[in-house]
Amino acid sequence: MTLQEFLAELELFASEANRCFQAAGDLTALEAARIEFLGARSGRLKQLQKSLGQLPSVDRPQAGQRFHQVRREVESAFQAAQERLADRQKTVRSAEVFDPTIPGVRPVVGHLHPITQTIDQLKEIMGRLGFSLADGPEVEDEWHNFEALNIPPDHPARDPLDNFYLAAASRLAGGAGPSMLLRSQTSTVQIRVMERQKPPVRIIAVGRVYRPDTPDQTHSPMFHQIEGLLVDRRVTMADLKSVLRMLGMSYFHGEVHIRFRPSFFPFTEPSVEIDMNWQGRWIEMGGAGMVDPNVLRAVGYDPEEVSGFAFGLGIERLCMRQHGIDDIREFYRNDVRFLRQF
Ligand code: DAH
C-alpha cells in the first residue's frame, strides 16, 4: 500500500464513521457502529493501524500524524452521538412520567357498610328526638345482662346453651365471682346508664349482641340492636308508640304504622312485640314495654316517682327491610359485589 492509498483509506474511514455515528437512531445502533469502526480487536481503525505499520518507514511519520488526527476526530464524533442519544432517551422517559394527556388511574373509593349507614341514620333520627348515645361493654357480667333486668337465675334466657359464657373472662373477674358472657342484648346499657345517672334519662345504645344461633337466612350468632330508654315523670305507652312511629317514618321515609302485640319480657310490664308496617307489609322489628318497677328499684329509682319505656330493635332487620335484602348472612360475607350496591 502506498502513502496515497493509505491516506485515501483514512479519509474514507473518517467520513463513513462520522456518517454512521450521526445516523444512529438509538444507543444500540450506535454501539454496533462503534464496534464496526472503533472496535479494539477487528474494527476498521485497527485494520488501518496495521496497514500503517506496513508502510515504508519514510512515509510513516506523515501517515502516522494523519492517522492520529483522524482517530481523535472519529472518537469525538462517537462521543457526540452518544451524548445526543442519551439526552433524547432522557427526555423520552421524562415525557412518559409527566405526560398530562394520559388518563389517570381512578382510585377505588370505598364506602360505609350498609349496617353502619343504618346505625348512623338511627343515631341521627333519635338525636333529633332528644336521645343521647350511651355505650356499654360487649363482654358483660350477669348482673347487667340478667340480674338487674329482672331475669332470675333459673330463667331459661340464662341457659348456657343460649349464651356465650366466657370461662377465662369470668376467672379474671374474680374466680368464683360473677360469670362473664358476650352480651345477649343491648338492654344491659339501660342498667349501666341508670346506675350512674338520676332521672330523667333519654338514651339510645347501639351495638353488637351475641347468641349461639346457627347462621341461616334470618339468624346470625352476632347481630346489632338499637336500644331506647326514656325515664321521666308520667311517661306512658303512648309516648313509646309515638317515638317508634317517628323513628320508623324518618328511617323508611314514608308512612309507617306501629302495631303492639302482647308479649313478655322480665324487664318490662306490660311488654309488647313491635311490628312496623311500611308499604303495606307488617314486619316484626323488636320488643318494648314500660320499664318494670323491679328494674327501676334495682338501680335505685323510685317507681312511685318515675316511669319509663324501653325498646330494642334489630338493626339488621331494619336495614334488610329498607333495601329488600333477604339473607342476613350477606352483611358479613364481605363480598364487594353485594356491598357495592349500598
Ligand atoms: N332485649 C330484648 C331482646 O333482645 C328486646 C327488648 C324487649 C328490649 C323489650 C327492650 C324491651 O328494651 O323493653 O329480645
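We count ligands from 1, going down the list as the structure has it; atoms in each ligand are counted the same way. Along the sequence shown, residues are numbered consecutively beginning with 1. Please read all numbers here as calculations on a predicted model, not as lab measurements.
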Taking atom types as modelled and ignoring hydrogens, do the side chains of Asn145 and Ser184 form a donor-acceptor contact shorter than 3.5 angstrom? yes
Does a donor on one side chain and an acceptor on the other come within less than 3.5 Å for Gln341 and His323? no
Using distance only, find each side-chain donor-acceptor pair of residues 199-206 under 3.5 Å and give its atom names and separation, not counting sequence neighbours.
{"residue": "Arg202", "atom": "NH1", "partner": "Leu129", "partner atom": "O", "Å": "3.0"}

Quick one, Ile35 and Glu31 - any side-chain contact, counting heavy atoms below 4.5 Å? yes
Does Glu284 pair with Arg259 as a salt bridge, N-O distance under 4.0 Å? no
By chain and number, the residues contacting ligand 1 below 4.0 angstrom (heavy atoms only) are Gln185, Ser187, Gln190, Arg211, Gln225, Glu227, Phe265, Phe267, Thr268, Gly287, Ala288, Gly289, Ala310, Phe311, Gly312
Tell me yes or no: between the side chains of Gln225 and Gln185, is some donor less than 3.5 Å from an acceptor? no
